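So the structure is just underneath, and the comments pick up after that.
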Amino acid sequence: MSATPKYSTRQRAEDRARILQILLTNKAVASGLLGRLPSPDAQTPEQDINELVELVTRLPAPDLADVLEALPSEERDALWSLVKEDKRGPVLTEASETVWDDLIEDMSDKELLRALAPLDIDDQIYLAQYLPRDLMGRLLSTLPQDSRAQVRKVLHYDKHSVGAIMDFEVITVRADVTLGVVQRYLRLRGRVPENTDKLFVTSRDKTLLGELGLTTILLHSPETPVLKVMDDNPTCFAPEDHDETAARTFERDNLISAAVIDAAGRLMGRLTIDEIIDVVYEETDSDLRRMGGLSAEEDVFAPVTKAVKARWAWLAINLCTAFVASRVIGMFEHTISQLVALASLMPIVAGIGGNTGNQTITMIVRALALQHIQAGNYSFLVFRELGVALINGIVWGGVMGTVTWLLYDDPALGGVMTLAMVLNLLVAALMGVLIPMIMTRLGKDPAVGSSVMITALTDTGGFFIFLGLATIFLL
């Protein structure tokens, strides 16, 4: 008897690449699927479309979500038209929020609700709550009474709280039964929820008493009482806890799942590793975008007009700071006119300061995100970064000062170059520590636009320091 061939990760990667190749190299495929052929006599590429249908049918939802995110708008619409209704809900769950607008644009509310129907209740809540269309009321009317109560609980919690992402599908057992009874119960159920590594031990009023690992059930005698082998001090979360805090606990304690309990200690649901991975990915992606002054929702394949709207605010701020820097240079026109070499040297001072500031701010934002920075170590961090900047400034400022001396045969100009680099690196390091800390103290996200702000400050400061020193010592 021959074994059934497995659908390996390599084959899935090849299928994803093939879909991209078909849609991106032959524009007629997308046009044919959308009924937008350029002329009445144009031929629809049936062979390519048939292959696409086969690939879409075969690929799992996470792979399709990845492909959709990697396509421009028209090709994305064409591929989405091939995804069957019973598969659309899982694909939406796996896809990022940046592409939701494109995917649901031509779907009616009824079609969306039918797409959500096969999903677990927690996935239905997640999508209905955060899709750019208000479906919650209509979704509630389709749910059983007990599910409606669960949904109403979740709606009270913040988007970034544990309560908003918890899973309601849990398996509970009593403390006064044996492991043999638990084993028979699991066999009768026929299935366990995904990412189940433990069962939760509760009283009759759902108060959490402990947790029972699956390995414990397998490795102990069936006659062993649950009370004897359960962990009576499990890691638990409150629904109000922040999801990033939960993610750090999962990483520190190597958790796969954990209980979520209310203020009275009653079991509400559980948090699983798949939700935590989503939290970590979304926060990392969001922080990277915000540090560059980009919208967290911007789609890399969005139309030009939409991308312009998403970026204009920080570009306007950048323009203002650049204008300030230009006025600083204007203050020293007389100095530059007498020492033309300054014009070619001052970008070096500003550039090295910007690089130092970005390095410092990246380290501080990371430390803040991991909660490594506390009130007692502020001063240590400031002096540490100033020390690093001082040493780098002396070393590389000395190198650049020597090069300047040799190029222009002017030791005084070389000395000014060295001193300017040292001072600008110190300013950059100080600002790199203070900017995110001040933003955190004001209740703002320290990652939002931080690299834009530090670059503006180091450019302006670098020009002022270098040209000011040149005016003092060289003229």
Side-chain angles (χ1 to χ4, degrees), residues 291-294 308 311-362 382 385-436 438-439 448-475:
M291 285 186 73
L294 294 175
V308 169
R311 301 184 191 185
W312 74 268
W314 280 106
L315 290 176
I317 294 172
N318 232 344
L319 182 62
C320 294
T321 57
F323 179 77
V324 172
S326 72
R327 299 322 304 149
V328 169
I329 295 172
M331 291 167 55
F332 298 96
E333 285 180 356
H334 177 68
T335 303
I336 297 173
S337 66
Q338 295 193 49
L339 290 169
V340 181
L342 298 177
S344 61
L345 293 174
M346 62 185 183
I348 299 174
V349 178
I352 199 72
N355 182 269
T356 297
N358 274 312
Q359 288 177 343
T360 302
I361 216 163
T362 300
V382 172
E385 291 301 320
L386 287 175
V388 172
L390 179 62
I391 294 172
N392 280 330
I394 292 172
V395 172
W396 297 110
V399 170
M400 197 59 217
T402 303
V403 171
T404 302
W405 180 359
L406 296 175
L407 279 176
Y408 297 99
D409 194 23
D410 188 342
L413 181 59
V416 166
M417 187 68 180
T418 299
L419 184 57
M421 286 185 66
V422 170
L423 292 177
N424 198 31
L425 261 63
L426 289 172
V427 170
L430 182 62
M431 291 298 102
V433 175
L434 293 182
I435 286 173
I438 291 171
M439 292 178 72
V448 177
S450 53
S451 65
V452 177
M453 295 170 65
I454 193 68
T455 301
L457 287 171
T458 52
D459 282 356
T460 304
F463 293 147
F464 184 81
I465 291 170
F466 181 54
L467 296 175
L469 290 174
T471 302
I472 294 170
F473 292 111
L474 300 180
L475 295 183

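The figures that follow rest on heavy atoms only: side chains count, while hydrogens, waters and symmetry mates do not. Every value quoted in this text rests on a predicted model; they were computed, and no experiment measured them.
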Let me confirm one number: the CG-CE distance from Asp459 to Met346, rounded to the nearest 0.5 Å. 10.5 Å
Do Asn424 and Phe466 have side chains that get closer than 4.5 Å, going by heavy atoms? no
Can you list the steps and then say if Leu426 with Leu430 is a side-chain contact (heavy atoms from CB on, under 4.5 Å)? CA-CA 6 Å; Leu426 289 172; Leu430 182 62; over 6 Å; no
Less than 4.5 Å apart, any side-chain heavy atom of Leu342 and any of Thr335? yes
Measure the spacing between OG1 of Thr458 and CE of Met431 and express it to the nearest 0.5 Å. 11.0 Å
Under 4.5 Å between any side-chain heavy atoms of Thr402 and Leu406, yes or no? yes
Between CD1 of Ile336 and CZ of Phe463, what distance do you get to the nearest 0.5 Å? 9.0 Å
Could you walk me through whether Ile454 and Ile435 pass side-chain contact (heavy atoms from CB on, under 4.5 Å), step by step? CA-CA 8 Å; Ile454 193 68; Ile435 286 173; 3.9 Å; yes
Can you list everything that forms a side-chain contact (heavy atoms from CB on, under 4.5 Å) with Leu407? Sequence neighbours excluded, please. Val403
Flag yes if more than 12 heavy atoms outside Phe332 fall under 6.0 Å of its CZ atom; otherwise flag no. yes
How long is the gap from CG on Leu419 to CG on Leu469, to the nearest 0.5 Å? 5.0 Å
Excluding sequence neighbours, so at least two apart, what forms side-chain contact (heavy atoms from CB on, under 4.5 Å) with Leu474? Leu339, Ala412, Leu413, Val416, Ala470
What is the minimum heavy-atom distance between Ala325 and Thr460, and which atoms define it? CB-OG1, 3.8 Å
Contacts of Asp410 that satisfy side-chain hydrogen bond (donor to acceptor under 3.5 Å, both in side chains) - sequence neighbours left out: none
Give me the atom names and distance for the closest heavy-atom approach of Glu385 to Ala429. O-CB, 3.6 Å
Between Met417 and Leu345, the two heavy atoms sitting closest are CE-O, 3.8 Å
Minimum heavy-atom distance Asn358-Thr362, with the two atoms named: O-OG1, 2.7 Å
Using 0.5 Å steps for rounding, measure from the CG atom of Leu425 to the CG atom of Leu390. 9.5 Å
Do Thr356 and Asn392 have side chains that approach each other closer than 4.5 Å (heavy atoms only, starting at C-beta)? no
Between Val427 and Leu423, is there a side-chain heavy-atom distance shorter than 4.5 Å? no
Mind checking the CG-OG1 spacing from Asn355 to Thr360? Nearest 0.5 Å is all I need. 9.5 Å
